[in-house]
Amino acid sequence: MTTPRYAVFGNPIAHSRSPQIHRLFAKQEGTYIEYRRITADIDRNSFACAIETFFGAGANGANVTVPFKEYAFDLADEHSDRAQTAGAANTLIALPNGKLRADNTDGAGLVCDLQNHCDTDLNGAKVLLLGAGGAARGVISPLLAAGARLTLANRSHDKALALAQRFDIEALPFDVLNGGFDIVINATSGSLHGNMPAVPSAVFTDCRLAYDMAYGEESTIFMDFATQNGAAATADGLGMLVCQAAESYRLWRGFSPATAEVIDALRHRRLPLPVS
Ligand code: NDP
């Protein structure tokens, strides 16, 4: 039988933990899959060529990360509602008729991590979402569906306003934000560059959980700042990463991997050898 083939496309991509995550999922399923990292040049045509070559050779599915999520959405033949709402895709699925279907599992991944691994009840929770980029766009609808009462804030307020209007939620400029949020989610890329979004420290006063979608270090500048200013708990985005990957795996293979043990393995670096 041919080994099922998957990959993650991004640029840069060498740091990606997706191969390890999917190898652990395959182990749970009791099967073997090939899962590679593929770097594409940062232009629409090069990405389209790389995808065409990959799927033309019989691959089964792909994950797509920065900066290609919008391109992946555009070149797919079919789109899930989730991808449509986000206008971006992190998952491509090869259909039996040769077409490509786009989905977006980022929002499902965040909600899964908050509810299952951070013990957070989203129903009725007042949530402040910082950022208005691709990640924020993908998580608004799933957060609302889980019952969260959302306020959006972004460094460039006009972007937050435009996004908030689409989802009929509140948007506030950073400088007028105050306390009263149960959960504060950092969907900006600030932590990747050691930058704290310039929000007043008061936003963390009553905060039960300050969640940073960034991951990689033990803590982030956002998590540290939140703790110093009253947040009861913090979490990084590693759980979201694993949960969105699990949802991609389910879409590809019809098998739902258990996520807690994979998060634990990554956190404590109990990892299998990297997939070549
Ligand atoms: P984008 O480039 O699409 O958006 C970046 C956002 O960050 C914009 O809203 C931008 O604001 C804001 N921003 C950047 N720097 C600062 C700063 N110094 N202060 C305040 N705001 C800032 O990125 P993505 O939306 O794709 O990704 C955002 C984050 O989410 C990244 O850290 C990424 O790694 C993480 N992520 C994690 C996932 C996971 O599975 N854990 C999945 C997807 C993303 P402005 O509009 O003003 O420029």
Side-chain angles (χ1 to χ4, degrees), residues 8-13 15-18 20-22 42 63-73 82-83 85-91 103-114 116-118 128-143 151-164 166 171-175 177 184-200 203 210-217 219-223 225-226 234-249 259 262-263 266-267:
V8 57
F9 289 77
N11 190 336
I13 199 62
H15 66 286
S16 172
R17 291 176 151 193
S18 293
Q20 281 100 342
I21 293 171
H22 285 279
I42 305 181
N63 285 129
V64 179
T65 186
V66 178
F68 299 126
K69 289 183 184 179
E70 279 86 7
Y71 294 172
F73 177 86
R82 304 187 289 199
T85 308
N90 74 338
T91 305
D103 207 324
N104 191 315
T105 66
D106 281 340
L110 173 66
V111 168
C112 158
D113 190 35
L114 287 171
N116 299 336
H117 307 306
C118 300
L128 172 63
L129 181 64
L130 301 175
R137 230 170 34 225
V139 303
I140 293 174
S141 193
L143 285 170
T151 298
L152 188 65
N154 189 50
R155 180 176 60 181
S156 314
H157 183 54
D158 53 333
K159 283 198 212 164
L161 275 177
L163 195 54
R166 265 180 59 194
L172 294 174
F174 275 2
D175 57 357
L177 291 170
V184 180
I185 299 172
N186 185 19
T188 79
S189 51
S191 292
L192 300 180
H193 313 287
N195 295 325
M196 175 66 204
V199 295
V203 301
Y211 188 100
D212 198 342
M213 285 194 195
Y215 56 87
E217 304 299 326
S219 188
T220 67
I221 186 169
F222 172 84
M223 291 160 69
F225 186 84
T234 60
D236 70 5
L238 186 68
M240 174 180 175
L241 177 77
V242 172
C243 291
Q244 60 80 29
E247 178 62 0
S248 296
Y249 196 94
T259 47
V262 176
I263 296 169
L266 287 165
R267 194 77 73 207

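Read the numbers this way: they start at 1 and go in the same order the structure lists the ligands and their atoms. Bear in mind the structure is a predicted one, so any value in this text is a computation, not a measurement.
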**Prompt:** Can you find a pair of side-chain heavy atoms, one from Arg137 and one from Lys69, that are under 4.5 Å apart?
**Reply:** no
Which pairs of N or O atoms, one from ligand 1 and one from the protein, are separated by less than 3.5 Å, and what is the distance for each pair?
unit_1	atom_1	unit_2	atom_2	d
ligand 1	3 (O)	Gly134	N	3.0
ligand 1	7 (O)	Ser189	N	3.0
ligand 1	9 (O)	Ala132	N	3.0
ligand 1	9 (O)	Asn154	OD1	2.7
ligand 1	11 (O)	Asn154	OD1	3.3
ligand 1	25 (O)	Gly134	N	3.2
ligand 1	25 (O)	Ala135	N	2.8
ligand 1	40 (O)	Leu241	N	3.4
ligand 1	41 (N)	Met213	O	3.0
ligand 1	41 (N)	Gly237	O	3.0
ligand 1	46 (O)	Asn154	ND2	2.9
ligand 1	46 (O)	Lys159	NZ	2.8
ligand 1	47 (O)	Arg155	NE	3.1
ligand 1	47 (O)	Ser156	N	3.0
ligand 1	47 (O)	Ser156	OG	2.5
ligand 1	48 (O)	Arg155	NH2	2.9

**Message:** If you define the side chain from C-beta out and look only at heavy atoms, does anything of Asn116 sit under 4.5 Å from Thr259?
**Reply:** no
**Distance-only donor-acceptor check, side chains Ser248 and Asn63, under 3.5 Å** = yes
**Asked** Are the side chains of Leu130 and Phe174 in touch, meaning some heavy atoms are under 4.5 Å apart?
**Response** yes
**Close side-chain approach of Val199 and Leu128, heavy atoms under 4.5 Å** = no
**Message:** If we check side-chain hydrogen bond (donor to acceptor under 3.5 Å, both in side chains) with Tyr211, which of these qualifies: Asn186, Asp113, Asp236, Thr234?
**Reply:** Asp113
